[in-house]
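Numbering of ligands and ligand atoms starts at 1, following listing order.
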Amino acid sequence: MNTFAAEQRSYWIATAPQGEPYPAPDGDITVDVAVIGAGIAGLSTAWELARSGRGVALLEAGRIACGVTGHTTAKLSALHTLVYERLRRTRGAEAARLYADSQTRALERAAAIVDELGIDCDWEETAAYTYVEDPARTPELRAEAEAAREAGLAADYVTGTGLPFDVAGAVRVTGQAQFHPRKYLLALADDLLRQGARIYENTRVVGLKEGEPCRLTTESGATVTARDVVVATHYPIFDRALLFTRLSPRRELVWAAPVPADLDPQGMFITPEQGTRSVRTAPYEDGRRLLIVTGEHFGPGTADAEARFERLADWAVERFGKLDFAYRWATQDNDSTDSVPLVGPLPTPGRHTYVATGFGGWGLSSSIMAGRLLTDLINGRDSEWSGLYDPRRLGTVVREAPAFLKHQAHVARHFVGDRLPTGWGASTDGIAPGDGAVVLVGGHHWAVHRDDEGELHAVAARCTHLGCLVAFNRAERTWECPCHGSRFDPEGNVVQGPAIRPLEHRDL
Ligand code: FES
């Protein structure tokens, strides 16, 4: 196994470079709708809104489709591991039907857009599988196949897949798709501009004043006035509805290696076993396929990502034979406590602020669905999907209680434990090159990283979101907050929200 030559970058970002950035606003702007965040949720929503005749400004803190969307595995499927049996049990058969319908229509929408705009994005129709290797879990799979079928998907229970190892059972849904997400989204952004929308990159929104109209403030001091605002920042950076109590972030790791075309398992696969394993392939050079394996869920800042990368690589080699890995990267998902995304209006006085979050690893189809749903809601049209995804839903609170309490206990441990002056080193001596640690300096927590040349870099260790202490991820060289998943580079700059302010520099 060769893991040393792997490029530490997402294959999607490496193979779909973007030109010059779209400029930041050079003054104050007024539009119908301001969309914050230009991943697939923000871009899809902005595009649907522009298509419906709305004046739109899309505001992105970094570059478009470079955050979570640029690091996804890019499966477009309505089969979301084991969601249908759970939905049928907890929210009823009609909720499962609406979920299947909304996700299937999202796929159809993406296919229609690819066709209409002539987007070259390696679109491939293929089957999606949820499989298990443990025979004891096959009843779960049979129940999922039945629930998915009842919800309207063409789902079968099968015992054979194209994978080069035996499975005990699998749910198969044909007619799903995989594609290159950045090629798709860069083309969508081009079309968005043609429709008169405005895209601003390197434009971090730091303030939201709700009202009629709403007012956004950017880091550089520009204001954006809009009747409606959509917060599509993955984890919401503005959260008047306390959604952070119902969202738990998790990171997952990805390896990619070229394989001969005849080793392509021909499908998209996921198993809930072994902390989740996901497999797909993509077109690659010289007629080969790129095998992409994903897995090893863990909370940001709570595990040794390097060791987990190794474990995932070992698993891939065990299952697929010798692999020369070309890329590795990591991504982050937010799970909602009831496994259903939160898409719709926030309970704010004017009802002009909307959110799309909690996609739980199925952010592509759910984001495209969110674009359609939010456009309907903002345009005052009814949508039969709105009740299912409504972020204000309360009827599920009791059913969500175990997941809710588990997440709150985890956060509370950090809110309380992080404030104790024990358990933290007082010296930077033990920090190896490439690593980092939180140390106590004069009674304050500092996050200290030693770079490869041995130089130390220090920032305040308290997350600027709600004050938990960050922890160092040496595999990705980031400071990560275990409470809600904010991430920062070694200099303290925000890599991923919900934090919007950097960790303050400290002089050692
Ligand atoms: Fe919420 Fe850090 S992300 S406290």
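Not a single heavy atom of Ala499 sits under 4.0 Å from any atom of ligand 1.
Residue contacts to atom 1 (Fe) of ligand 1: His484 brings an N, O or S atom closer than 2.8 Å. Because the distance cut-off is set at 2.8 Å, Cys481 qualifies as a neighbour of atom 2 (Fe) of ligand 1 through one of its N, O or S atoms. Note on Cys483: not counted as a metal contact of atom 2 (Fe) of ligand 1, no N/O/S atom lying under 2.8 Å.
Screening residues 487-502 for salt bridge (charged side-chain N to carboxylate O under 4.0 Å, His left out) gives Glu476-Arg487, Glu480-Arg487 as the qualifying pairs, with residues at least two apart or on separate chains.
Exactly one of Trp446, Phe472, Phe488 qualifies for a ring-ring contact (aromatic ring centres under 6.0 Å, His included) with Trp479. That residue is Phe472.
By the side chain to side chain donor-acceptor pair (under 3.5 Å) test, His80 is found to be paired with Tyr99, Ser365, residues two or more places apart in sequence or in another chain being considered.
A centroid separation of 6.0 Å or more is found between the aromatic rings of His71 and Trp12.
Proximity of Leu364 to Lys75: side-chain heavy atoms (C-beta onward) are nowhere separated by under 4.5 Å.
Heavy-atom contacts of Ser486 reach the following atoms of ligand 1: 3 (S) (cutoff under 4.0 Å). Close contacts of ligand 1 with Cys463, meaning ligand atoms under 4.0 Å from a residue heavy atom, involve 2 (Fe), 3 (S), 4 (S). Every atom of ligand 1 with a heavy atom of Gly467 under 4.0 Å away is listed here by number and element: 4 (S).
Residue-level check: among N/O/S atoms of His465, ND1 sits closest to atom 1 (Fe) of ligand 1.
Of the two cysteines examined, Cys483 and Cys468, the SG atoms meet the criterion of being under 2.5 Å apart.
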